[in-house]
Amino acid sequence: MNMEIATVNSLPYEDFVNIFGNVVEKCPIITAAVWSRRPFVNMGALEAAISEFIDALPESGKEGILRCHPDLAGRDLHSGTLTRESQEEQARAGMDGLDSTEASHMARLNDEYKVRFGFPFVICARMNNKATILQQLSERLRNERALERALGIEEVKKICRLRLQGLVLIDAPNKL
Ligand SMILES: NC(=O)N[C@H]1NC(=O)NC1=O
């Protein structure tokens, strides 16, 4: 682990952003910004730096992060244009295997959510499944906007943590 973090700390920003740039979906600017916070004592410190950066953003910035997320079981999944990370997460949660009733239910709720809040429903797919995602989506639709913004951002952080873990445990040794 120490060796690994030493390697991470030694990366020039180009490599750092190439490797960690999508730990927050389509937000490489966050990774590029926290590179300045090196050295990290461990991967948890990198994760904390990302969290702090997000928390320091104005509410419009937080909503911007949410808006960079693809819908679950949405257009990008069907057209094959999801990021690799999102594709794996959505497949693992069964989003690519919805029957037509489930798919239209999901699409309707996703649309309702976006009309109500102006950003998409975000949930850590790896920590959920088809049933819990649909249930959370219907429940969270009833929340106030500020609460939903905060809950969505907490989910972004969970997604980020699992993506970071995946990179360090599996991909990073090959890439570094
Ligand atoms: N909308 C949304 O939650 N998208 C995502 N969640 C996740 O775990 N991966 C995603 O792409």
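Order of listing sets the numbers, starting from 1, for every ligand and every atom in it. Just so it is clear, the model here is predicted, and its values are computed rather than measured.
Close approach of ligand 1 to Ile159 (heavy-atom distance below 4.0 Å) involves ligand atoms 6 (N), 7 (C), 8 (O). Taking every heavy atom of Ala125 and a limit of under 4.0 angstrom, the matching atoms of ligand 1 come to 7 (C), 8 (O). Atoms of ligand 1 lying under 4.0 Å from at least one heavy atom of Gln90, given by number and element, are 11 (O). Near Cys124, meaning under 4.0 Å from one of its heavy atoms, ligand 1 places the atoms 8 (O).
In terms of protein heavy-atom proximity, atom 6 (N) of ligand 1 is nearest to Ile123 O, 2.8 Å. Atom 10 (C) of ligand 1 has its closest protein heavy atom at Ser86 OG, 3.5 Å. Closest to atom 9 (N) of ligand 1, if we only count protein heavy atoms, is Glu89 OE1, 2.6 Å.
Of the options Pro70, Cys68, Gly74, the smallest heavy-atom separation from atom 1 (N) of ligand 1 is shown by Pro70.
Electrostatic pairing of Glu47 and Lys157 does not count as a salt bridge here, judged by no charged N lying under 4.0 Å from a carboxylate O. A salt bridge links Glu112 to Arg108: one of the charged nitrogens lies within less than 4.0 Å of a carboxylate oxygen.
Surrounding CD1 of Ile29 are at most 12 heavy atoms belonging to other residues, nucleotides or ligands under 6.0 Å away.
From Arg163, atom CZ reaches atom CD of Glu25 across 4.5 Å, with rounding to the nearest 0.5 Å.
Using modelled atom types, no side-chain atom of Glu89 and backbone atom of Arg126 make a donor-acceptor pair closer than 3.5 Å. One N or O on the side chain of Asn9 and one on the backbone of Phe40 form a donor-acceptor pair closer than 3.5 Å.
Summarising the geometry of Asp96 relative to Ala91, their closest heavy-atom pair is OD2-CB, 3.6 Å, with the distance given to 0.1 Å.
Both the backbone and the side chain of Val122 come within contact range of ligand 1, each with a heavy atom under 4.0 Å.
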